[in-house]
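The structure appears below as C-alpha cells.
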Amino acid sequence: MNSPIQFNSLEEKLKHFFGFDSFRPGQKEIIQAALANRDLLVVMPTGGGKSVCFQLPALLKPGLTVVVSPLIALMQDQVQALLKNGIQATFLNSSLDWHQTRSRTAAILKGKIKLLYVAPEKLLSENFLAFLQQVNSQVGIAGLAIDEAHCVSEWGHDFRPEYRQLRQLREVYPLVPICALTATATARVRQDIIEQLALRQPYFPTASFDRPNLYYEVRQKHQYSYREILQQVKKTDGSGIIYCLSRKKVEEIAFRLRQDRVKALPYHAGMSAEERTANQTSFLRDDIQVIVATIAFGMGINKPDVRFVIHYDLPRSLENYYQEAGRAGRDGDTANCWLFFSYGDVAKVKYLIEKKPDLNEQRLALQQLRQVIDYGAGTECRRRILLAYFGEDFPGNCGKCDNCLNPDPKEDWTIEAQMFLSCVARCQQKFGMMHIIDVLRGSRNKKVMQYNHHLLSTHGIGKDKSIDAWKMLGRSLLHQGLLTETTDGYSVLKLNEYSWEVLRKQRAVKIAVPSKKKSRDCHGGSDRVAEETRRIEVDALFQRLRNLRKRIADEQGIPPYMIFADSTLKLMAFQQPQSLADLAQLSGVGDYKLAYYGEQFVAETIGHCRERNQASLSDTLQLTLQLYQAGFSFKEIADQRHFSTGTIASHLAQLIELGLIREIDRFVTPERQEKIEKAIASLGHDLLRPLREFLGEGYSYDEIRLVVACWRRDSR
Ligand code: ADP
Ligand code: ZN
C-alpha cells in the first residue's frame, strides 16, 4: 500500500522540478514502476508527456540515467529545456569538440549530471562503452531510456539499424532497467520493441491515442479556402503549420500570407539545408508565426505550443494525418486541426496513384486514400473515425470536432434553395451573392433600383432570414455543387444542371446549420458584454506576457516555450498574480523558474492591471458591440439605435481597432475587403478620401472605414 507521505512527495517533486501540479494520465504509475526498477514500454501519443516518465525517476534515483535519442537537434532541445528547469543534464555527440567532451565526461564522473543524452551510434562506440564502465563503477548507471523506440522495428515508420544493437547494453548491464518510449501505435511495432530490446516483463500500460485537446475539422476546399486560412491565422495567438503537397504551393501560400502581413516562411526539400534550418529556427523562436511546409517538415521538431495544423492538401494516409496533425497542441492546450478536402483533390491523387508501376503499391495507396476519404467525407465523429484506425473503439460524440458540433442529419432547406436559385435566374445570372441576397431581403439600395430588381417577383420574399443565413445557404449550395460561381474574379453566380433539378423540385437540399447556441440572442446581452470585455482584457495581457517572454528568449537565444509554456502564460493572464507567491501557485511554474523569471512576469501583470483601471469602454460603444454580437446587420444596428450608418461605422471602427471585433465579413464581403486592402496597400490609410476616389462610387465610405480599421489593428 502506498503511504500518503510517499504519495505527496512524488507530486511535490513533480512541482518542484517541472512546475506541474498533477500527473497526466498514466505518468504516475509509470514513474512508480520505474522507481521499482522495472523495465518499461511507454506508448503514449505525441504530447502525452513521455519525457517526465524517465526524467523524474532519473532525478530521484542515485546514479546516471543514459537517454538514447536519434536526432541531434532534438537532443539539444531537450537538454536545454532541462537546464532551464535547473536540472543537471548534458549530451554527448559528434557536434562537440574535444574540450567540450572532456569537461562533460569529467562532470559525469564527478556525479554532477543526472541525465546524459547520446545518439545510438555514439553509445555503441568502443570509447564510449569504456567510459560507461567507468561511470558504472564510480557513480552507477540508474537506467537506460530509449526514446523513439520504434526505430528498432522494421515495421515502424523510421527504422534505424543502429537501434538494433542497443540490445548489447542489456547483455553488458543486465541489472540496469530499460525504459523504451514511443508514440507509434500499432501492435506489431510494440511487440517488436519488446523482443528486439529484450525487455523483461515490461510494465506496459495501454494509453488511449485520443488527443482530447485537439479540435478536428474538415473544410470543403474551394476558391476561398485561402481566405479562411488567413482568417484563422489572424485570429490565432500562436504559431501554426500549414502543410501542402507541392513545393510550388508551399511557396505560393507562404508568399500570399506575407502579402497579407502574416509572418510566414516556407520549408521544403527544394531549399538548401541552411535555409531550411534558418526557417525552422525562426519558427521555434516565434520570430515567425506560420511555417508553410511539405511533409518534409516536422520529424524531430518538438515545438510544444503549435496552435494549429492545417492540411491544405490531402495527407498520404490516415496514420500520416494523425501524426502530422498531432504536432499541434503537444503542451495539452487547445489546438485546431483542419483538413481541406475536395473531390477534385481526390481525383488528382488517384490519377498519380494509377501511374505507379507496382500494382501492389497501387493497391495499398488506393486503400490509404479511401481511408482518408472516409475521414474527410465522413459524417460521424471525426475522433471516432481516426481512433478506429488505431483499433480503438471510441464511442463518438466528442464535442470537439466539426461533425459533433454540427451533426447530420442537416436541415431541409429545399424551399429556401428554390427561392435563392430562382432569384439568381431572375437576375439573369449576372450578379454575385450579395446582390442576390439584397434582392431576396427586399433591399432598395442603389444597385437594386438601378436594375429594376425591386420589381422582380423574388424581391423581398426572403425578408425573414438574416443575411448570414442566406450566405450560409449560398455557400452550401456552392460547396455541394448545386450552384456555380465564375472564377474570373467577379464571382458571378450561375445555375448548373443540378440547380435546375432543385428548381424543378427533383432534388432536395439539406444544409448543415450551426448549433442553435450561436444564433441571435439578445437576452443576457450585458452579461455577454461583460464576459467578452473580460476575455479581451485577458487576451491583451496574454499578448503582453508573450511579448515579454519573447524578449527574454531572444536575449538568451532560446525558444520562448522553454521559459514558460503558453498554457502557463494563459493562467497568468487569467489569474493575474500580483506577487511571487501568487505566481508560484500556477501550473508550469517550478521553483527554479520562479526564482529566475518570476519578478519580471509579476511586474508585467501588475503594470497591466494598473493601466486597465484607467480605461473603460463607453456605454454607447458597448451597445453597438452588443448588437453586433447579436448578429444584426449594419442597417439594423443603425435603425435600432436611431443613428446614421456613418456613426455606426465609426463605432464599429473603434471596436475593431480595440480588438473587440475580429470579423467584418457580414458587412463587407471578402472579395471587397481584398480590393480595399489592395488600395490601402498602395495609398496608405491616413485619409479615406483618396481611397474612395481610387475605388470608385461602388464602394462606400463606411466599408472603407471598417477595412482601414482592420488594417490598423493588424499592423500594430
Ligand atoms: P511527448 O514526448 O510524449 O510528445 P512531452 O514529454 O514532450 O511529450 O510533453 C508534452 C508537453 O506536456 C510538454 O510541454 C510538457 O511540458 C507537458 N507536460 C508533461 N507532463 C505534464 C504534466 N504532468 N502536467 C502538465 N504538463 C505536462
Ligand atoms: Zn467528434
Side-chain angles (χ1 to χ4, degrees), residues 10-11 13-31 42-56 67 69 71 74-75 77-78 80-82 84-85 87 145-150 179-185 207 209-218 298-306 323 326-333 335 337 375 378-388 394-408 515 559-571 586-590 593:
L10 257 195
E11 318 260 326
K13 296 286 179 198
L14 182 74
K15 175 74 184 165
H16 169 73
F17 286 114
F18 298 97
F20 304 139
D21 289 341
S22 55
F23 288 103
R24 293 250 183 92
Q27 281 178 335
K28 186 164 185 190
E29 295 72 20
I30 292 170
I31 290 167
V42 178
V43 183
M44 270 188 195
T46 308
K50 286 186 283 300
S51 317
V52 169
C53 296
F54 65 85
Q55 289 168 348
L56 191 57
V67 186
S69 173
L71 295 158
L74 214 81
M75 199 181 283
D77 210 60
Q78 290 223 7
Q80 215 166 20
L82 285 167
K84 281 282 144 226
N85 273 320
I87 292 167
I146 301 179
D147 209 2
E148 313 288 346
H150 55 271
C179 170
L181 306 110
T182 179
T184 303
F209 265 69
D210 184 24
R211 301 276 311 274
N213 59 317
L214 299 188
Y215 168 75
Y216 294 104
E217 176 164 345
V218 176
M299 273 299 290
I301 78 141
N302 197 355
K303 187 169 168 52
D305 51 0
V306 173
Q323 302 290 356
R327 287 175 189 141
R330 294 176 69 131
D331 53 10
D333 233 1
C337 306
Y375 177 80
T379 52
E380 261 190 289
C381 173
R382 306 268 180 217
R383 233 179 205 87
R384 185 183 160 84
I385 305 175
L386 208 52
L387 292 175
F394 184 81
N397 258 326
C398 73
K400 280 186 99 180
C401 76
D402 55 340
N403 282 343
C404 284
L405 292 177
N406 239 335
D408 279 335
S515 64
Y561 64 78
M562 281 192 190
I563 294 173
F564 284 121
D566 273 4
S567 52
T568 306
L569 291 194
K570 273 190 197 143
L571 279 175
L586 305 182
S587 175
V589 185
K593 287 188 177 169

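Every number for a ligand or one of its atoms is a count from 1 in the order of the listing.
Distances from the Zn ion (ligand 2) under 2.8 Å pick out these protein N/O/S atoms: Cys381 SG, Cys398 SG, Cys401 SG, Cys404 SG.
At a threshold of 4.0 Å, the pair Glu11-Lys28 counts as salt-bridged, since one of the basic side-chain nitrogens sits closer than that to a carboxylate oxygen.
Of the heavy atoms in Gln27, only side-chain atoms (C-beta onward) come closer than 4.0 Å to ligand 1.
Counting protein heavy atoms only, atom 3 (O) of ligand 1 is closest to Lys50 NZ, 2.8 Å. If you check which protein heavy atom lies closest to atom 10 (C) of ligand 1, you get Arg330 O, 3.2 Å. With hydrogens left out, the protein atom closest to atom 14 (O) of ligand 1 is Pro304 CB, 3.8 Å, a heavy atom. Scanning the protein heavy atoms around atom 8 (O) of ligand 1, the nearest turns out to be Gly49 N, 3.3 Å.
No heavy atom of Ala565 sits closer than 4.0 Å to any atom of ligand 1. Under a 4.0 angstrom heavy-atom cut-off, Arg24 registers as being in contact with ligand 1. Not a single heavy atom of Gly332 sits less than 4.0 Å from an atom of ligand 1.
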Would Ile563 and Lys593 count as a side-chain contact (heavy atoms from CB on, under 4.5 Å) if you check the C-alpha gap in whole Å, the side-chain angles of each, and the deciding distance to 0.1 Å?
CA-CA 8 Å; Ile563 294 173; Lys593 287 188 177 169; over 6 Å; no
Kindly indicate, with the supporting measurements, whether the criterion side-chain contact (heavy atoms from CB on, under 4.5 Å) is fulfilled by Phe20 and Val52.
CA-CA 10 Å; Phe20 304 139; Val52 169; 4.1 Å; yes
Given the rule in the side-chain contact (heavy atoms from CB on, under 4.5 Å) test, do Phe18 and Gln55 qualify, once you have shown the distances and angles that lead to the verdict?
CA-CA 10 Å; Phe18 298 97; Gln55 289 168 348; 3.5 Å; yes
Tell me, with the steps shown, if Phe23 and Leu56 meet side-chain contact (heavy atoms from CB on, under 4.5 Å).
CA-CA 11 Å; Phe23 288 103; Leu56 191 57; 4.1 Å; yes
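When Tyr561, Phe23, Phe20, Phe54 are ranked by how near their heavy atoms come to atom 16 (O) of ligand 1, first place goes to Phe20. Considering each of Gly329, Ser51, Ala183, Ser587, the one bringing a non-hydrogen atom nearest atom 7 (O) of ligand 1 is Ser51.
In summary, of the residues considered (Arg383, Arg382, Arg384), a side chain to side chain contact (heavy atoms under 4.5 Å, CB included) with Asn403 occurs for Arg382 alone.
A distance of 12.5 Å separates OH of Tyr216 from SG of Cys404, quoted to the nearest 0.5 Å. How far CZ of Phe564 is from NZ of Lys570: 16.0 Å, rounded to the nearest 0.5 Å.
Looking at residues two or more places apart in sequence or on another chain, you find no salt bridge (Lys or Arg N to Asp or Glu O under 4.0 Å) involving Lys84.
The distance from ligand 1 to the heavy atoms of Ser22 drops below 4.0 Å at these ligand atoms: 22 (C), 23 (N), 24 (N). Short contacts between ligand 1 and Gly47, defined as distances under 4.0 Å to a heavy atom of the residue, involve ligand atoms 1 (P), 3 (O), 4 (O), 8 (O), 10 (C).
When every heavy atom of Asp77 is checked against every heavy atom of Met562, the shortest pair comes out as O-CE, 3.2 Å. The shortest heavy-atom contact between Asp210 and Pro45 is O-CG, 4.3 Å. Nearest approach of Asp331 to Asp566, heavy atoms of both residues: OD2-CB, 4.0 Å.
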